[in-house]
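Proteins get letters first, then strands, A, B, ... in listed order; numbering begins at 1 in each.
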Amino acid sequence: MAKILMKGNEAIGAAAIKAGCKYFFGYPITPQNELPEFMSRELHKVGGCFVQAESEVSAINMVYGAAGAGARVMTSSSSPGIALKQEGISYIAGAELPCVIVNISRGGPGLGGIQPAQSDYFQSTRGGGNGDYRLLVFAPASLQEAVDCTMEAFDLADYYRNPVMVIGDGMIGQMMEPIEFNEPVKRELPEKDWATVGTKGARKPNIINSLALDPAELEKHNIKLQAKYKEMEENEVRYEMYNMEDAEVVMVSYGTTARIVKNAIAALKEEGINVGLIRPITLWPFPHKAFEEIPATTKALLSVEMSMGQMIDDVKIASSGRWPVHFYGRSGGMIPTPDAIANKVKEILGGAR
Amino acid sequence: MAVVFQRTNGLTEKPFHYCPGCTHGVIHRLVGEVLEELGVLGDTIGVAPVGCSVLAYDYFNCDMHEAAHGRAPAVATGIKRVHPDKVVFTYQGDGDLASIGTAEIIHVAHRAEKITTIFVNNAIYGMTGGQMAPTTLIGQKATTSPYGRDAAHSGMPLRVSEMMATITGAVFVERVSVDTPANIRKTKKAIKKAFEIQLEGKGFGIVEILSTCPTNWGLTPTESLTWLQENMIPYYPLGNFRTPEEAK
Ligand SMILES: Cc1ncc(C[n+]2csc(CCOP(=O)(O)OP(=O)(O)O)c2C)c(N)n1
Ligand code: SF4
Ligand SMILES: [Mg+2]
């Protein structure tokens with residue numbers, strides 16, 4: 001199929017529909033508005049339905065209802081709106097329902113700004129909602145990757161009966177790139193025999209629920225959830241390793257920031273400095289195993305983020321004290337430049353020599 | 001031998017956990033009977049609230065979904081949009097519906113979702129131990145209005161049915177009470193009408209039911225019924241606030 005040029009937000013919407021998403025519940029917020037707007041134009045054409053909710057709180061709870069009713073369903077928002085969705089996300093994870101949540105994130109805290117940022121790393125990987133739950137979190141670096149992740153997200157959500165988040169900084173939502181829609185690898189997906197579709201008098205009622213008043217029962221449920229998360233950690237970690245051979249410093253960066261990091265790597269190479277990149281594609285599960293492949297030449301790690309330093313916590317955990325871990329970041333919608341990143345690398349190497 | 005009373009198939013065999021004299025049980029039974037009589041149990045999805053009736057999902061003999069506190073109308077919207085041909089209802093208390101869930105209840109009506117809401121107003125937060133609700137009456141003592149609700153401090157009690165009747169999409173709005181056998185019969189009629197209107201696809205319907213909480217009111221079950229009659233009904237007048245023209 002020939003590639004087509006699309007804006008990120010619309011490409012994600014188109015990918016969702018290609019993946020069989022029929023329902024979308026959302027609330028306007030910049031910089032993701034083109035996504036719900038696209039869905040409001042397109043979903044009815046495939047026999048689905050778009051509803052603009054009265055708030056992000058309601059939107060995610062509509063998702064909760066639709067997911068429980070057995071539908072392929074999605075919502076999208078941006079940082080402050082995702083904050084409001086946390087209650088619903090926790091319930092959906094607790095009740096083990098599939099859905100896809102897109103965060104085209106912007107700078108914070110509070111109302112913050114509307115320019116690209118990666119300051120929702122904690123929010124998406126640590127959960128803003130209550131309880132021991134996890135989301136599978138994809139952080140694409142290009143529109144093609146955003147499309148691929150979105151299409152696969154629906155299968156993964158059904159497979160694990162768990163919410164899947166696709167997080168793109170504002171740049172992913174707003175830029176245009178050529179894309180194509182590729183069918184994800186086929187998975188054996190379980191029947192949704194738990195869904196609320198009416199008993200037809202033919203079976204016992206299905207109950208969608210996250211409440212367990214008996215502590216032993218709730219612990220059992222949590223142990224079951226953990227086993228599922230463990231399986232995700234084993235099977236769903238995605239990452240890219242780039243220019244790792246003889247790397248003196250290994251940078252860790254995700255999303256569009258990783259693309260800027262690659263420019264810095266090219267510039268440093270011209271100066272004879274070899275720097276590698278570990279690019280997590282899944283923020284959770286975090287690619288711990290990538291750190292086992294760091295070469296003996298590496299003296300330090302550098303986490304580069306469009307935040308004041310959030311992923312660096314996971315980089316430190318993954319490094320297990322084997323390397324000093326440095327940080328470079330810009331925030332509030334300010335974009336790191338390749339030069340500034342390269343200078344930070346030189347500063348680290350200067351200090352280490 | 002003629003059977004004069006038996007369990008409705010609209011409810012499961014699970015024994016209720018409600019306090020003695022609590023009218024949540026009566027209301028459950030009425031909803032169960034109506035669903036059975038309309039022959040829609042196999043095509044109904046109910047949404048349980050957070051409140052004393054949180055375990056309603058174990059009692060109604062149909063598919064059920066347990067929502068977060070106040071969010072039942074949003075959850076019900078998601079379900080109804082996926083299954084427009086099914087009967088969808090929410091069962092909510094006054095803390096759930098009139099406080100934390102005001103946005104959700106207003107907008108489910110505003111969108112004219114074809115959903116039925118059973119609203120149980122007992123003028124208090126039952127489950128959490130008797131705190132003041134937006135519906136708590138002036139002078140009524142609650143654990144967070146220990147000197148009695150004071151209008152200057154907490155405003156006047158919220159009249160939900162009157163408010164809902166201002167929304168075009170709320171095509172059926174009625175306030176009833178379960179304090180006497182006659183009123184229980186009227187309550188059942190209102191519940192039935194609300195579900196029939198959903199089946200006809202006319203819009204959103206809500207039945208506000210004045211209910212007792214003997215435990216947190218600190219009264220016996222019979223004293224509670226008297227208290228409801230003497231205090232709640234005068235402030236929350238019973239009656240129909242809205243019915244579609246052709247259904248009158
Ligand atoms: C987000 C959230 N806030 C608070 C609570 C605690 N809570 C549980 S039930 C309840 C009040 C229920 O009162 P009402 O809706 O009137 O129902 P009743 O018990 O009186 O039938 C509250 C505040 C909660 N579960 N979730
Ligand atoms: S606390 Fe009140 S509302 Fe709750 S079950 Fe007991 S009597 Fe009923
Ligand atoms: Mg109450």
- Query: How about B/Leu55: does its CG atom have over 12 heavy atoms from other parts shown lying under 6.0 Å from it?
  - Reply: yes
- Message: List the residues meeting ring pair (Phe, Tyr, Trp, His ring centres under 6.0 Å) with B/Phe89, not counting sequence neighbours, and say none if there are none.
- Response: B/Phe60, B/Phe195
- Item | Distance-minimising heavy-atom pair for A/Ala71 and B/Val82 | CB-CG2, 3.6 Å
- Tell me, for A/Ala202 versus chain B, whether the close heavy atoms (under 4.5 Å) come from the side chain, the backbone, both or neither. neither
- Option that, when pairs with chain A are counted at under 4.5 Å, heavy atom only, ranks first among B/Gly46, B/Ala103, B/Cys62: B/Cys62
Between chain B and chain A, donor-acceptor distances below 3.5 angstrom:
| from | atom 1 | to | atom 2 | distance (Å) |
| --- | --- | --- | --- | --- |
| B/Gly42 | O | A/Thr199 | N | 3.0 |
| B/Gly42 | O | A/Lys200 | N | 2.7 |
| B/Asp43 | OD1 | A/Lys200 | NZ | 2.6 |
| B/Tyr57 | OH | A/Asn209 | ND2 | 3.0 |
| B/Asp63 | OD1 | A/Arg203 | NH1 | 2.8 |
| B/Asp63 | OD1 | A/Asn206 | N | 2.7 |
| B/Asp63 | OD2 | A/Val197 | N | 3.1 |
| B/Asp63 | OD2 | A/Gly198 | N | 2.9 |
| B/Asp63 | OD2 | A/Arg203 | NH2 | 2.9 |
| B/Met64 | N | A/Asn206 | O | 2.9 |
| B/Met64 | O | A/Ile208 | N | 2.9 |
| B/Glu66 | N | A/Ile208 | O | 2.8 |
| B/Glu66 | O | A/Tyr64 | OH | 3.0 |
| B/Arg71 | NE | A/Glu87 | OE1 | 2.9 |
| B/His83 | NE2 | A/Ala69 | O | 2.9 |
| B/His83 | NE2 | A/Thr196 | O | 3.4 |
| B/Lys86 | NZ | A/Val197 | O | 3.4 |
| B/Glu104 | OE2 | A/Ser58 | OG | 3.3 |
| B/Arg111 | NH1 | A/Glu54 | OE1 | 2.8 |

- Heavy-atom contact with chain A under 4.5 Å, split by part of B/Ala48: neither
- Give, as side chain, backbone, both or neither, the part of B/Leu41 having an atom under 4.5 angstrom from any heavy atom of chain A. backbone
- Item | Residue among A/Val63, A/Leu211, A/Leu213, A/Val197 with most heavy-atom pairs under 4.5 Å to chain B | A/Val197
- Item | Top of B/Ala68, B/Gly70, B/Pro73, B/Gly101 for chain A proximity - count of heavy-atom pairs under 4.5 angstrom | B/Ala68
- Measuring heavy-atom distances to chain B, does A/Leu97 have an atom under 4.5 Å in its side chain, in its backbone, in both, or in neither? side chain
- Message: According to side-chain contact (heavy atoms from CB on, under 4.5 Å), who are the partners of A/Ala146, at least two apart in sequence or on a separate chain?
- Response: A/Ile12, A/Pro140, A/Ile172
- Report the residues that fulfil side-chain contact (heavy atoms from CB on, under 4.5 Å) with A/Ala11, sequence neighbours left out, ordered by chain and then residue number. A/Met6, A/Val147, A/Ile179
- Would you mind checking which part of A/Val51 comes under 4.5 Å of any heavy atom in chain B, side chain (CB onward), backbone (N, CA, C, O), both or neither? side chain
